[in-house]
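Here is the structure we will look at.
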Amino acid sequence: MYLTKEEEEIMNGEAGETLRQAIEILVALGDIYGADRLIPIKSAQIAGVSYKTIGDAGLEWISDLEGQVKVPAILNPAGMDLEDWEKLRISTEFAEKQKAIVQAYKKLGIRCECTCTPYTLEGFFVGYGDHLAWSESSAISYANSVIGARTNREGGPSALSAALLGKTANYGLHLEENRVPEVSISVESPLKESDYGALGYVAGKLIGSKVPIFQLKGKPKADELKALGAAMAASGAVALYHVKGITPDACRMNFEDPEENIVIERSQLDEVYESRGKGGKEPELITIGCPHCSASELKKAAELLKGKTVSKETWIFTSRELRKRYPEYIKAIEESGAKVVCDTCMVVSPATNRYSCVMVNSGKAFAYVPGMCGAESVYGDMEACIEKATDGEKKAGGFH
Ligand code: F3S
């Protein structure tokens, strides 16, 4: 791999131990995957934030690092709401460790708004063709597929290394030739909302890490594409997908149809909705917002909950910035007894582990909750989740 004189000096430790370690990680990855050089990145998004997932070893590693990031960098969800961790009954011991992790990242100049939807935040603009080093799988999928930016599936340490250097190794999805679709997926039945999460869940299992191009009926909205990519990245390892006539690479790059073609039937999606864990339990906890809710998803949740009272524990996850931007939606949701929670999610928070069955409207959460939280997961659209949360109380009003 070619290194500039300055990069050689960093490699030799002339810019300090933290940068030496950072470039060593990137060069090792570049050598494994055949990168020719390091390329500048526009931003980094760093996973490995929850104390639940990184533990004391992770906290120690981050705390030992020094210096400042060279590009805008932001954190993935942590294990708790950083301003109100008691809302989900997080222990003081966990909260202290979690605060220490976030402080250690903050010291490096990283923005501590912990979200998997950084592309919705002010001042974190990402455009077509931008090179990034992001490490949360749904954010990666959205950036690559819906925005047309370029990022590999970075791990937490490699994204942090890239942020500290302002560069990443030039391989994988940074190269146009690796963004070509390898399999075509056709869906004949019309889809809406959580159908896209169910489709992603089914497709990810079938194609693993291949790049698919979808042929869909209708025009999916941004939130639906977000759900599709998040689920495919969880049940499989898809980091980039295209939708014919919709996503930016598919519109600009004039792809030939791949030889492999899969047809996904409506009945396969219905199986996701009907699937129950071995115990066949009734949901005790309802969660919405994986990936974190957008403004329109918050609005819809507020409309569905307005004037009702939840009879089951109900958590709605979003970024702190969107919580602040839409107080009227938050008020309507919280008046129902549902909790709007920021900085964390149902998968990376230890709070979910207290429940034995969780209802979700996300294909990603549906895939991860059993393994990461030890609970059965049940899938439904947002209406079904709220109906379950409120025992079917009738809707009272809407927002205009
Ligand atoms: Fe985001 Fe957590 Fe889902 S990080 S994509 S809400 S598992």
Side-chain angles (χ1 to χ4, degrees), residues 45-54 74-82 88 98 101-102 105 112-121 124 134-146 151 153-156 159 194 196-198 200-201 204 222-239 241 285-294 297-298 301 314-323 339-353 358-375 377 379 382 385:
Q45 190 248 4
I46 298 156
V49 183
S50 172
Y51 180 64
K52 171 177 163 178
T53 53
I54 68 168
I74 195 160
L75 294 181
N76 202 44
M80 63 184 200
D81 187 300
L82 296 172
L88 299 192
Q98 187 61 72
I101 291 170
V102 171
Y105 279 122
C112 295
E113 295 124 296
C114 301
T115 182
C116 49
T117 56
Y119 43 83
T120 62
L121 303 188
F124 212 80
W134 286 17
S135 59
E136 192 284 314
S137 63
S138 79
I140 292 163
S141 176
Y142 194 92
N144 272 325
S145 315
V146 184
T151 175
R153 274 171 73 110
E154 301 285 355
S194 58
Y196 285 90
Y201 180 82
D223 284 333
E224 293 169 332
L225 292 172
K226 175 177 82 167
L228 172 66
M232 258 191 304
S235 64
V238 176
Y241 66 90
L285 169 67
I286 314 299
T287 65
I288 290 167
C290 169
H292 277 174
C293 282
S294 65
E297 289 168 323
L298 283 177
T314 304
W315 301 342
I316 299 185
F317 297 93
T318 190
S319 64
R320 189 159 297 284
E321 184 172 313
L322 291 196
R323 182 189 167 99
K339 295 169 181 165
V340 178
V341 189
C342 305
D343 316 314
T344 186
C345 76
M346 68 294 272
V347 170
V348 297
S349 168
T352 311
N353 294 47
V358 182
M359 186 164 186
V360 300
N361 70 333
S362 151
K364 176 169 178 176
F366 181 68
Y368 276 179
V369 160
M372 296 272 296
C373 311
S377 56
Y379 193 72
M382 198 193 285
C385 285

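In listed order, ligands and their atoms are each counted from 1.
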Check against side chain to side chain contact (heavy atoms under 4.5 Å, CB included), Ser50 and Gln98: CA-CA 7 Å; Ser50 172; Gln98 187 61 72; 4.1 Å; yes
Under 4.5 Å between any side-chain heavy atoms of Trp134 and Pro118, yes or no? yes
Are the side chains of Glu113 and Ile74 in touch, meaning some heavy atoms are under 4.5 Å apart? yes
Residue-atom pairs from the protein, N, O or S only, that lie under 2.8 Å from atom 1 (Fe) of ligand 1: Cys116 SG
What's the spacing between Asp223 CG and Leu228 CG if we round to 0.5 Å? 12.5 Å
Just verifying a value: how many Å separate Thr352 OG1 and Tyr368 OH, rounded to the nearest 0.5 Å? 15.0 Å
Short list, please: which atoms of ligand 1 are under 4.0 Å from a heavy atom of Gly289? 6 (S)
Mind checking whether Ala234 has a heavy atom under 4.0 Å from ligand 1? no
Which label fits His292 and Phe317: parallel for a plane angle under 30°, tilted from 30 to 60°, or perpendicular past 60°? parallel
Sort out for me which residue in Ser137, Ser141, Cys345 forms a side-chain contact (heavy atoms from CB on, under 4.5 Å) with Lys364. Ser137
